[in-house]
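Below is one structure, written out as structure tokens, with a few remarks after it.
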Amino acid sequence: MVKVPQIVKDAAKYLVDLYGDKFEYLGKYEGADAYLYQFPDGVCTGFPFVYLVRDDKVEVIEGFDSLDILDYFMSNES
């Protein structure tokens, strides 16, 4: 299990406060560590939230761009 950096948890504070502290490490994406926020089962949401960590900075990815990142990981599964 990969430890989620505090900067990711801080960037997702609103979601963590509402739904809990649950993330999935996706892997490396364009030189950044990618994390996906995991909503609880049964929660209807829109686009997923992906957090990219590079050089101790976090970038929040939403909308269709987040789907592109998830597609990248699904396409590159072994």
Side-chain angles (χ1 to χ4, degrees):
M1 186 165 108
V2 174
K3 184 174 187 222
V4 177
Q6 188 61 46
I7 59 173
V8 171
K9 294 178 182 185
D10 292 345
K13 183 175 177 3
Y14 176 76
L15 296 173
V16 170
D17 288 348
L18 281 176
Y19 302 110
D21 181 359
K22 190 168 180 192
F23 296 86
E24 178 183 346
Y25 177 71
L26 299 173
K28 289 283 188 184
Y29 180 79
E30 296 182 355
D33 288 311
Y35 299 87
L36 173 67
Y37 183 79
Q38 293 287 311
F39 287 94
D41 291 341
V43 174
C44 294
T45 66
F47 290 103
F49 290 85
V50 175
Y51 300 85
L52 299 179
V53 178
R54 181 183 298 114
D55 300 326
D56 295 322
K57 294 180 181 158
V58 65
E59 179 182 2
V60 182
I61 308 297
E62 304 174 54
F64 288 105
D65 290 337
S66 66
L67 295 178
D68 290 340
I69 292 171
L70 292 178
D71 183 55
Y72 167 82
F73 285 105
M74 291 173 63
S75 298
N76 291 307
E77 286 183 348
S78 300

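Keep in mind it's a predicted model, so treat the numbers as computed, not measured.
Both Val4 and Tyr14 belong to a common hydrophobic cluster when Ile, Leu, Val, Met, Phe, Trp and Tyr are linked at side-chain heavy-atom distances under 4.5 angstrom.
For Lys28, the side-chain hydrogen bond (donor to acceptor under 3.5 Å, both in side chains) partners two or more places apart in sequence, or in a different chain, are Asp33. For Tyr35, the ring-ring contact (aromatic ring centres under 6.0 Å, His included) test picks out Tyr25, with sequence neighbours left out. Remark: Lys57 pairs with no residue by the salt bridge (Lys or Arg N to Asp or Glu O under 4.0 Å) rule, at least two apart or across chains.
With hydrogens and angles ignored, the 3.5 Å screen pairs no side-chain donor or acceptor of Arg54 with any backbone N or O of Glu59.
The other residues sharing a hydrophobic cluster with Leu67 are Phe47, Phe64, where clustering joins ILVMFWY side chains under 4.5 Å apart. Hydrophobic cluster membership for Leu70: Leu26, Tyr29, Leu36, Val50, Leu52, Ile61, Ile69, Tyr72, Phe73 (Ile, Leu, Val, Met, Phe, Trp, Tyr linked by side-chain heavy atoms under 4.5 Å, directly or transitively).
With rounding to the nearest 0.5 Å, the separation of CG in Asp21 from NZ in Lys13 is 11.5 Å.
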Distance-only criterion, 3.5 Å: show the donor-acceptor pairs between side-chain atoms of residues 38-46 and protein atoms not counting sequence neighbours.
{"residue": "Gln38", "atom": "NE2", "partner": "Glu24", "partner atom": "OE1", "Å": "3.1"}

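In Asp56, the CG atom is not crowded: 12 or fewer heavy atoms of neighbouring residues, nucleotides or ligands sit closer than 6.0 Å.
Of all heavy-atom pairs between Pro48 and Ser66, the closest is O-OG, 3.1 Å.
The shortest side-chain heavy-atom distance between Tyr37 and Val16 falls under the 4.5 Å cut-off.
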